[in-house]
Amino acid sequence: MTIFKTIMAELESAIAHIDSQVNIEKVTVEPPRDPSHGDLSTNAAMVLAKTLGMNPRELAGKLIEQLQGSENIESLEIAGPGFINMRLTGKAYFTDIKQCLKDGIEYGALNIGKGEKVNVEYVSVNPTGPMHAGHVRGAVIGDTLCNLLEKAGYDVAREYYFNDAGTQVDVLARTAHLRYREALGEDIGEIPEGLYPGDYLKEVGQAIVERDGEKWLNKEEAEWLVPIRTFAVDHMMTMIRQDLSLINIEHTVFTNERDIVENGTLEKAFNTLDDLGLIYTGTLPPPRGKEMTDWEPVPLTLFRSSHFGDDQDRPLKKRDGTWAYIMPDIGYHYDKIKRGFTLMINLLGKDHGGYEERIGPTVAAFSKEKAKLKVIYNGMVKVLKDGVAVKFSKRSGNIITLREMVEEVGADAIRFFMMGRTPDSELEFDYSKVQEASKDNPVFYVQYAHARCCSVLRHGTEMFSEKELTDDALAKVDLSLLGEAEKEMIRVLVNWPRIVEQAATAFEPHRIAFYVQEVASAFNGWWSKGRGDATLRFLIEDNKPLTLARLALVRATAITLASALDVMGVKAVEEMRSDALEEEENNAANG
RNA sequence: GCGCCCGUAGCUCAGCUGGAUAGAGUGUUUGACUACGAAUCAAAAGGUCAGGGGUUCGAAUCCCUUCGGGCGCACCA
């Protein structure tokens, strides 16, 4: 039970005392933006005033009477139009801090998801080349969202949809065959227009030689296309998975488009819609806003997606009776629903706008409106160095590969920056800024704060035995010795479960990145108070109980940071050593 | 033409799903190291939340509209 829930419960009973029937849905208990308004604030009086036939300030007065008795509340006041501001006792927060120390890395875990089956589909890059800069953002946001939803108590499947049925994989096969001929000594010259130019297919050609020798030389395409395609696709998928593992992304489910297309799922999906009476033959209006020279009205097999909010019905079959191009995606979502998911989240680039509108109606139809599809679109990423666009790498065929990015700045920086803001906007990813060891680099700033916590705790062992500093031991420490200087730190830490809840319900992992900076900032501020005033330092030689209380809070800070960074997939380092620092130490040691 | 997203401090961005005097960082100005890591901290200055209208106790947030930017819009894969 967090302090927020405790106070909310007390408020609810206070309200019930006045009127037990009233709807309290809109009542909130939150820390006010301005700390001078107190620790917590509620809008209850303003929200309920009308239905209870009182003016807000009058109602607030009555609620305050009821809340007076709370042992968690130190003082109450009515403010502005009818806010009730509460100042809490120091003690009110201790349960949360102790909980943090007990929970460790699990701190902040919730059960708001109640085990609901969620499918998050992300990356889903075509298996025709390596992961590159354009793919990374959605990959990281998706993966972090998975972590977040798991933290909030959802049952999450991390899914990769594997487009191995389109024409691109045939192009891949043709390119691989060309590389294969090259590997056997043929001079293939420049890669022709329309095939994949990257060098990464050379090793595929070589690998085919090693497995099959000259078997596919001088053969008709019809003979080699399928086996080479299978081989090349497998090879690409292995490569992509290795690339993803560089930034700690590992999917749990891989679904093949080819399976969906070939195992009858499309027919089942179509028939399901037909049985629901949602299929008819009709004619679409001409496409708007485009000059159509060859358009003519044609009766088509249509799905009544307009019943589910789409602006027009969608053709599922072409005029020749074959499936329309959206049908595999529809079949795929039919499959997801059959697997029991009630929430499907899909991470796509902004250039896929309209996907939710197109596929969402079928999800609603298949599930009788019990399942939902949510698409998160992310903007483009520009990779820069010192503010200048990074040159494309020739080696990989005019793309910046994920592998190169990891080599350049490391996985932590990539993850932090790629998920660190709302997905909507365009993102400039500047190699130089991302590596900077200073405050304007949040990755560094946060990791530094965590390392500082660890440093303090290391020093703590000079005053205490290890046994006295275990999390269990610290959880039993008398926190009432903490004072005003620590209050801000405490307030920030106990907010973590709320942040998880808010971020998870909004599907917005970037909030975690902002929170983690808030924690770091509070900690660095707290730390610095000890510089001006020695009595505010963490370690006070002649006051062990106070020191223990502070160490408990330092430890709670480290735990909270670690817990949040864990969701982000960023390492919580215990020590940071820059080259400069190391050099200094080496010089000291040598001199 | 229709739909979606965006417009917040000089710059880069938050803004808790409708709350109080709109916040950080950076940049500018000014202070603080005989330290448990100054790789930091504290303070000042900086705003017509693109413009206009509406909804209500209350709007950056919701609705309408104008302007400006991005993306999508066929039986295409």
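A note on names: the letters A, B, ... follow the listed sequences, proteins ahead of strands, and every chain is numbered from 1.
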*Among rC75(B), rA14(B), rC5(B), which is the nearest nucleotide to the side chain of Pro315(A)?*
rC75(B)
*asked:* Categorize Glu428(A) for me: base, sugar-phosphate, or nothing, with a 4.0 angstrom heavy-atom threshold over every strand shown.
replied: nothing
_With a 4.0 Å limit, can you tell me whether Lys26(A) has a side-chain N or O closer than that to the phosphate oxygens OP1/OP2 of rG19(B)?_
no
*asked:* Measuring only the P atom in each nucleotide, how far is rA44(B) from rC49(B)? A whole number of Å is fine.
replied: 22 Å
*With sugar-phosphate meaning primed atoms plus P, OP1 and OP2, does Lys50(A) contact a base, only sugar-phosphate, or nothing at under 4.0 Å between heavy atoms?*
sugar-phosphate
_Regarding Gln517(A), tell me which of base, sugar-phosphate or nothing describes its non-hydrogen contacts under 4.0 Å with the strands shown._
nothing
*What's the closest nucleotide to the Asn43(A) side chain, out of rG19(B), rU17(B), rC13(B)?*
rG19(B)
*State whether the side chain of Thr255(A) and the backbone N or O of Phe162(A) hold a donor-acceptor pair below 3.5 Å, judged by distance alone.*
no
*May I have the distance from Glu518(A) (atom CD) to rA24(B) (atom P), rounded to whole angstrom?*
11 Å
*Establish whether the base of rC75(B) is bridged to the side chain of Arg319(A) by a donor-acceptor pair shorter than 3.5 Å.*
yes
*asked:* Less than 4.0 angstrom between a side-chain N/O of Lys529(A) and OP1 or OP2 of rU40(B), yes or no?
replied: no
*Between atom CD in Glu25(A) and atom C1' in rU17(B), what is the gap in whole Å?*
13 Å
*asked:* If you go through the side-chain atoms of Ser521(A), does one of them form a donor-acceptor pair with the base of rA24(B) closer than 3.5 Å?
replied: no
*Options rU40(B), rC16(B), rC57(B), nucleotide nearest the side-chain atoms of Ser528(A)*: rU40(B)
*asked:* Roughly how many Å apart are rU48(B) and rC11(B), using the P atom of each and rounding to a whole number?
replied: 12 Å
_Side chain of Leu300(A) (C-beta onward), nearest among rC76(B), rC4(B), rC75(B)_ = rC75(B)
*Using the glycosidic torsion, which applies to rU8(B): syn (within 90° of 0) or anti (everything else)?*
anti
*Between Gln168(A) and Asn163(A), is any side-chain donor less than 3.5 angstrom from a side-chain acceptor?*
no
*For atom CE of Met419(A) and atom C1' of rA14(B), their distance in whole Å*: 14 Å
_According to a cutoff of under 5.5 Å between the ring centres and under 30° between the ring planes, does Trp527(A) stack with the base of rC36(B)?_
yes
*Determine the interatomic distance between P on rC6(B) and the same-named atom on rG23(B); round to the nearest Å.*
22 Å
*asked:* Is it the case that the base of rA20(B) and the side chain of Asn85(A) share a donor-acceptor contact (distance under 3.5 Å, atom types as modelled)?
replied: yes
*Sugar-phosphate only, base, or nothing, as touched by Pro56(A) at under 4.0 Å among non-hydrogen atoms*: nothing
*Considering heavy-atom distances to RNA chain B, does Ala79(A) or Asn441(A) have its closest nucleotide positioned more toward the 5' end?*
Ala79(A)
*Between rU17(B) and Thr505(A), is there an OP1 or OP2 to side-chain N/O distance shorter than 4.0 Å?*
no
_At less than 4.0 Å, is any side-chain N or O atom of His510(A) found next to OP1 or OP2 of rG15(B)? Yes or no._
yes
*asked:* What is the separation between atom NZ on Lys350(A) and atom C1' on rC4(B), rounded to the nearest whole Å?
replied: 9 Å
*Are any of the side-chain heavy atoms of Met489(A) and Val519(A) separated by less than 4.5 Å?*
yes
_Suppose you measure atom P in rA24(B) against the same atom in rC41(B); what distance do you get, rounded to whole Å?_
13 Å
*How close or far is atom P of rU17(B) from atom CZ of Arg33(A), stated in whole angstroms?*
11 Å
*Nearest-neighbour nucleotide for the Asp351(A) side chain, rC71(B), rG15(B), rA20(B) considered*: rC71(B)
*Provide, to the nearest angstrom, the distance between the CE atom belonging to Met327(A) and the C1' atom belonging to rA77(B).*
16 Å
*Closest to side chain of Ala324(A), choosing from rC75(B), rC4(B), rC36(B)*: rC75(B)
*Remember a base hit wins even if backbone is also touched, and classify Phe83(A) as base, sugar-phosphate or nothing at under 4.0 Å, heavy atoms.*
base
*Would you mind telling me which residue lines up with the more 5' stretch of RNA chain B, Tyr325(A) or Ser36(A), judged by nearest nucleotide?*
Ser36(A)
*Between His352(A) and rC4(B), does any side-chain N or O lie under 4.0 Å from OP1 or OP2?*
no
*asked:* Measuring to OP1 and OP2 of rC5(B), would you say a side-chain N or O of Tyr355(A) lies under 4.0 angstrom away?
replied: no
*Mind checking who rC16(B) pairs with, Watson-Crick or G-U wobble, both distances under 3.5 Å?*
none
*Are side-chain heavy atoms of Lys26(A) and Asn43(A) found at a separation under 4.5 Å?*
no
*Ignoring backbone atoms, establish whether Ser455(A) has a side-chain N or O less than 4.0 Å from OP1 or OP2 of rG37(B).*
yes
_Nearest-angstrom distance from the residue atom CZ of Phe523(A) to P of rG37(B)_ = 10 Å
_Same-atom distance (C1') from rG27(B) to rG10(B), integer angstrom_ = 8 Å
*Which base, if any, makes a Watson-Crick or G-U wobble pair with rG1(B), both distances under 3.5 Å?*
rC73(B)
*Could you tell me which nucleotide pairs with rG47(B) by Watson-Crick or G-U wobble geometry, both distances under 3.5 Å, or answer none if nothing does?*
none
*asked:* Under 4.0 Å from OP1 or OP2 of rC33(B): is there any side-chain N or O of Arg531(A) that close?
replied: no
*asked:* Whole angstroms only, please: what is the CZ-P distance between Arg314(A) and rG3(B)?
replied: 14 Å
*Tell me the partner of rU26(B), counting only Watson-Crick (N1-N3 plus N6-O4 or O6-N4) or G-U wobble (N1-O2 and O6-N3) with both under 3.5 Å; none if nothing fits.*
rG10(B)
*Separation of the P atoms in rG1(B) and rC75(B), to the nearest angstrom*: 22 Å
*Side chains of Tyr161(A) and Asn346(A): is there a donor and an acceptor less than 3.5 Å apart?*
no
_rU61(B) versus rC5(B) - spacing of their P atoms, nearest Å_ = 15 Å
*rA50(B) and rG25(B): how far apart are their C1' atoms, nearest whole angstrom?*
24 Å
_Glu30(A) side-chain proximity, nearest of rC16(B), rG37(B), rG72(B)_ = rC16(B)
_Checking side chain to side chain contact (heavy atoms under 4.5 Å, CB included) between Leu316(A) and each of Ile279(A), Leu302(A), Asp274(A), which is the one that passes?_
Ile279(A)
*Where is the tightest heavy-atom contact between Gln502(A) and Thr505(A), given as atom of each residue plus distance?*
O-OG1, 3.2 Å
*Side chains of Phe523(A) and Val554(A): closer than 4.5 Å at any heavy-atom pair?*
yes
*Among Ile326(A), Leu278(A), Asp313(A), whose side chain to side chain contact (heavy atoms under 4.5 Å, CB included) with Phe303(A) holds?*
Leu278(A)
*Do Asp424(A) and Thr422(A) meet the criterion of a side-chain donor-acceptor pair at a distance under 3.5 Å?*
no
_Selection from rA14(B), rG19(B), rU40(B) that lies nearest to any side-chain heavy atom of Tyr448(A)_ = rU40(B)
*With a non-hydrogen cut-off below 4.0 angstrom, is Arg537(A) in contact with a base, only sugar-phosphate, or nothing?*
base
